[in-house]
Amino acid sequence: MNPDRRDRLRDAAVEVLARDGGRGLTHRAVDRAAEVPPGTAKNYFPTRDAVLRAVAERCLEQYLALTGQLAATQGPTDREGLTVLFRSLLENVAGPGRSRLLAVLELQAEATRRPWLSGILDPMASGDFAGFELAQRSAGLPVTPQRAAVVTLALHAAIPHLLTNGPDTLAAAGLDDLDRFVRDLLDAVYPTDAAHPTGTAHPTDAGD
C-alpha cells in the first residue's frame with residue numbers, strides 16, 4: 001500500500017475524530033476529509049478498531065516528533081526559562097496541537113471500552129511525567145518525584161479546559177492568564193523565600 005496515502009488517511013482520521021468525536025469517525029468521513037475515492041479508508045483500515053488504532057499511532061508519532069524537537073534544544077536553565085517552556089506548551093493546546101489533543105481525549109474515552117488502546121496512548125502521558133521532571137531539574141528547582149508529578153498533573157488537568165475554552169472555568173482555574181498560571185503553579189510547588197531559595201533544597205526535603 002502507498003505509505004503517503006496511508007499517512008494522508010491517518011492525518012484525516014485525526015482531524016475527523018477531533019472535529020466530530022467517536023461517533024463521527026467513519027470510513028466515509030475519513031475518505032471525505034482526505035479527499036480520496038470512497039472506499040479508500042476501508043481498504044487501508046478495514047474495521048473501526050483499525051481506524052482507531054491508526055489514529056492512536058499517528059497521535060503517538062506526532063507526540064514523539066514534538067518531544068524530539070524539544071529534546072534537541074537546550075533545556076531551561078532557570079525558573080524563568082521553565083515558565084516560558086510550560087506556558088508555550090499550554091499555548092500550543094489551543095493552537096497547532098488542538099486537533100491532536102482533542103483526538104487524544106476522544107481516544108482516552110474509547111480506551112475505557114477498548115483497553116488495547118491504552119497501550120498505545122500510555123507512552124504519551126508517561127513521557128510527559130519523565131520529560132517535565134527533567135525540565136524542572138534542568139531549571140535548578142529542588143525536585144522530588146512527587147513535586148514533579150504534581151506539576152505535570154496540573155498541566156495535564158489544564159488541557160481539557162483550554163480546549164473547551166469556557167471563560168468562567170478558565171478564570172476560576174487561573175487559565176485566563178497562562179503566564180500567571182504557570183508562575184503560581186511553580187510558586188505553590190516550589191516556594192521562593194529566603195529560607196528556601198530556588199534551586200536549594202531544605203534539609204527536610206530528603207524526607208519528602
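By the 4.5 Å heavy-atom criterion applied to side chains, Leu17 and Val51 are not counted as neighbours. By the 4.5 Å heavy-atom criterion applied to side chains, Arg79 and Thr192 are counted as neighbours. Contact of the Gln62 side chain with the Val104 side chain is not registered, since no non-hydrogen atoms from C-beta on lie closer than 4.5 Å. Under the 4.5 Å side-chain criterion, counting only non-hydrogen atoms from C-beta, Leu25 is in contact with Val30. For the pair Leu60/Pro123, a side-chain contact is recorded, criterion being any heavy-atom separation below 4.5 Å from C-beta on.
When atom types are taken as modelled, the side chain of Asp78 and the backbone of Gly81 share a donor-acceptor pair closer than 3.5 angstrom.
Met124 and Leu163 fall into different hydrophobic clusters, defined by Ile, Leu, Val, Met, Phe, Trp and Tyr side-chain heavy atoms under 4.5 Å apart, directly or through other members. Placement of Leu101 and Val55 in two distinct hydrophobic clusters is found when ILVMFWY residues are connected by side-chain heavy-atom separations under 4.5 Å, directly or transitively. There is a path of hydrophobic side-chain contacts, each under 4.5 Å, that joins Leu175 to Val93. Note on Val84: it does not cluster hydrophobically with Leu141, by side-chain heavy-atom contacts below 4.5 Å among ILVMFWY residues.
For Arg180 and Asp187, the salt-bridge test fails: no basic side-chain N is under 4.0 Å from an acidic carboxylate O.
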Would you be so kind as to tabulate the donor-acceptor pairs closer than 3.5 Å made by side chains of residues 149-162, with sequence neighbours excluded?
unit_1, atom_1, unit_2, atom_2, d
Thr152, OG1, Ala148, O, 3.1
His156, NE2, Asp128, OD2, 2.8

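Atoms CG and CZ, from Leu134 and Phe129 in turn, are 15.0 Å apart once rounded to the nearest 0.5 Å. Expressed to the nearest 0.5 Å, how far CZ of Arg28 lies from CG of Asp31 amounts to 9.0 Å.
Pairs of residues two or more places apart, or lying in two chains, never qualify as ring pair (Phe, Tyr, Trp, His ring centres under 6.0 Å) while including a residue from residues 87-110. Identified under the ring pair (Phe, Tyr, Trp, His ring centres under 6.0 Å) test for residues 59-87, with sequence neighbours left out: Phe86-Phe132. Legend: side-chain hydrogen bond (donor to acceptor under 3.5 Å, both in side chains) pairs involving residues 99-117, not counting sequence neighbours, sorted by first then second residue: Glu15-Ser99, Arg48-Glu110, Asp49-Arg114, Glu110-Arg114. Applying the ring pair (Phe, Tyr, Trp, His ring centres under 6.0 Å) definition to pairs two or more places apart or across chains, none involves residues 7-44.
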> For Leu52 and Phe45, what are the C-alpha separation, side-chain angles and deciding distance, and is it a side-chain contact (heavy atoms from CB on, under 4.5 Å)?
Replying inline: CA-CA 9 Å; Leu52 287 169; Phe45 312 112; over 6 Å; no
>> Apply side-chain contact (heavy atoms from CB on, under 4.5 Å) to residues Met1 and Asn43 and explain how you reach the verdict.
In response: CA-CA 9 Å; Met1 291 187 178; Asn43 185 42; 4.3 Å; yes
> Going through the checks in order, is the side-chain contact (heavy atoms from CB on, under 4.5 Å) test met by Leu85 and Leu70?
Replying inline: CA-CA 10 Å; Leu85 172 63; Leu70 292 174; 4.3 Å; yes
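For Ser118, the side chain to side chain contact (heavy atoms under 4.5 Å, CB included) test picks out Ala111, with sequence neighbours left out. Listed by chain and number, the residues in a side chain to side chain contact (heavy atoms under 4.5 Å, CB included) with Pro37 are Arg5, Thr40 (sequence neighbours excluded). In this view, Asp7 and Arg10, Arg58 satisfy the salt bridge (charged side-chain N to carboxylate O under 4.0 Å, His left out) rule, not counting sequence neighbours. Remark: Asp179 engages Thr83, Arg87, Asp177, Arg183 in a side chain to side chain contact (heavy atoms under 4.5 Å, CB included) (not counting sequence neighbours). Qualifying salt bridge (charged side-chain N to carboxylate O under 4.0 Å, His left out) partners for Arg137, counting only residues two or more places apart in sequence or in other chains: Glu133. Residues that satisfy the side chain to side chain donor-acceptor pair (under 3.5 Å) test with Arg6, not counting sequence neighbours, are absent from this structure. For the side chain to side chain donor-acceptor pair (under 3.5 Å) test, no residue two or more places apart in sequence or in another chain qualifies with Asp122.
Gly24 and Ala29 get closest at one heavy-atom pair: O-CB, 3.5 Å. Summarising the geometry of Cys59 relative to Leu107, their closest heavy-atom pair is SG-CD1, 4.3 Å, with the distance given to 0.1 Å.
Screening Val14, Asn2, Val36 for a side chain to side chain contact (heavy atoms under 4.5 Å, CB included) with Leu9, the sole residue that qualifies is Val36.
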